[in-house]
Amino acid sequence: MEYSAKTYSFFDDVFAVVRLIPKGRVTSYGAIARYLGTSGSARMVGWAMNASHTPKPKVPAHRVVNSQGLLTGKHHFETPTWMQELLEKEKVKVKNNQVVDFEKLFWDPSVEL
DNA sequence: GCATTGACGAAGG
DNA sequence: CCCTTCGCCAATG
């Protein structure tokens, strides 16, 4: 990844936002996309997360779920259950692949930030 | 350079 | 209420 002017992509932006997610809170790909102005292209956010393990301070991607609060990206972690375990470590309850009280734990960057 | 894919989301049937 | 389709944009084959 070159740092040449325009290559600084939204990757860094996405990472920055995700890292700002308070512990014990979660957000959605769409919310992040909206905050970055790339609303509508939530896929890019999700796609960016594909490299969430690239930078040194790895991004807490486990705090990012889809709009339904589902742990859709769990398969991209070291183990299929790792994401849930990480969340539970932060007192976030996960039931049947879904964040419990998702609406209450939801953290919207365009609102909170 | 075209076709396919993707950790999404909203809308339509 | 469940399933399908479409849009979005970038990367990869």
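Here is the naming used below: chain letters follow the sequence lines, and residue numbers restart at 1 for every chain.
- Between A/H62 atom NE2 and A/Q84 atom CD the span is 12.0 Å, to the nearest 0.5 Å.
- Look at CE on A/M49: it is 11 Å from P on B/dC8, rounded to the nearest Å.
- Across all strands shown, A/N50 has heavy atoms under 4.0 Å from base atoms, whether or not it also approaches the sugar-phosphate.
- Atom CG in A/N66 sits about 12 Å away from atom P in B/dA7, given to the nearest Å.
- Atom CG of residue A/L70 and atom CG of residue A/N66 lie 4.5 Å apart, to the nearest 0.5 angstrom.
- Looking at heavy-atom distances under 4.0 Å, A/A33 makes no contact with the nucleic acid at all.
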*Test side-chain contact (heavy atoms from CB on, under 4.5 Å) applied to A/D108 and A/R34, step by step*: CA-CA 10 Å; A/D108 190 340; A/R34 201 155 40 96; 2.9 Å; yes
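- Of the candidate nucleotides B/dA7, B/dG6, B/dC8, B/dG6 has the atom nearest to the side chain of A/M44.
- At a non-hydrogen distance threshold of 4.0 Å, A/T72, A/G73, A/H76, A/F77 from residues 70-91 of chain A come into contact with DNA chain B.
- Across B/dA10, B/dA7, C/dC9, the shortest atom-to-atom separation from the side chain of A/S41 is found for C/dC9.
- Considering only heavy atoms from C-beta on, A/W107 comes within 4.5 Å of A/L20 through its side chain.
- Taking atom CG of A/L36 as the reference point, atom P of C/dC9 lies 14 Å away to the nearest angstrom.
- Regarding A/F11, its CZ atom lies at a distance of 12 Å from the C1' atom of B/dA7, rounded to whole Å.
- Of all nucleotides listed (C/dG7, C/dA11, B/dG9), B/dG9 comes nearest to the side chain of A/S28.
- Atom CZ in A/F106 sits about 15 Å away from atom P in B/dC8, given to the nearest Å.
- The side chain of A/S67 places an N or O atom within less than 4.0 Å of a non-bridging phosphate oxygen (OP1 or OP2) of B/dG9.
- For A/R43 and C/dT12, the CZ to P distance is 16 Å, given to the nearest whole Å.
- When the P atom of B/dA7 is taken as reference, atom OH of A/Y29 falls 9 Å away, rounded to whole Å.
- In this structure, the side chain of A/R63 does not engage the main chain of A/V26 through any donor-acceptor pair within 3.5 Å.
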*After noting the C-alpha distance and the side-chain angles of A/F106 and A/T27, does the key distance pass the side-chain contact (heavy atoms from CB on, under 4.5 Å) rule?*
CA-CA 5 Å; A/F106 186 73; A/T27 192; 3.9 Å; yes
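- Following rounding to the nearest Å, A/R34 (CZ) and C/dG7 (P) show an atom-to-atom distance of 22 Å.
- With rounding to the nearest 0.5 angstrom, the OG1 atom of A/T81 is 11.0 Å from the CG atom of A/L71.
- Nucleotides C/dT5 and B/dT4 have their P atoms positioned 16 Å apart, rounded to a whole Å.
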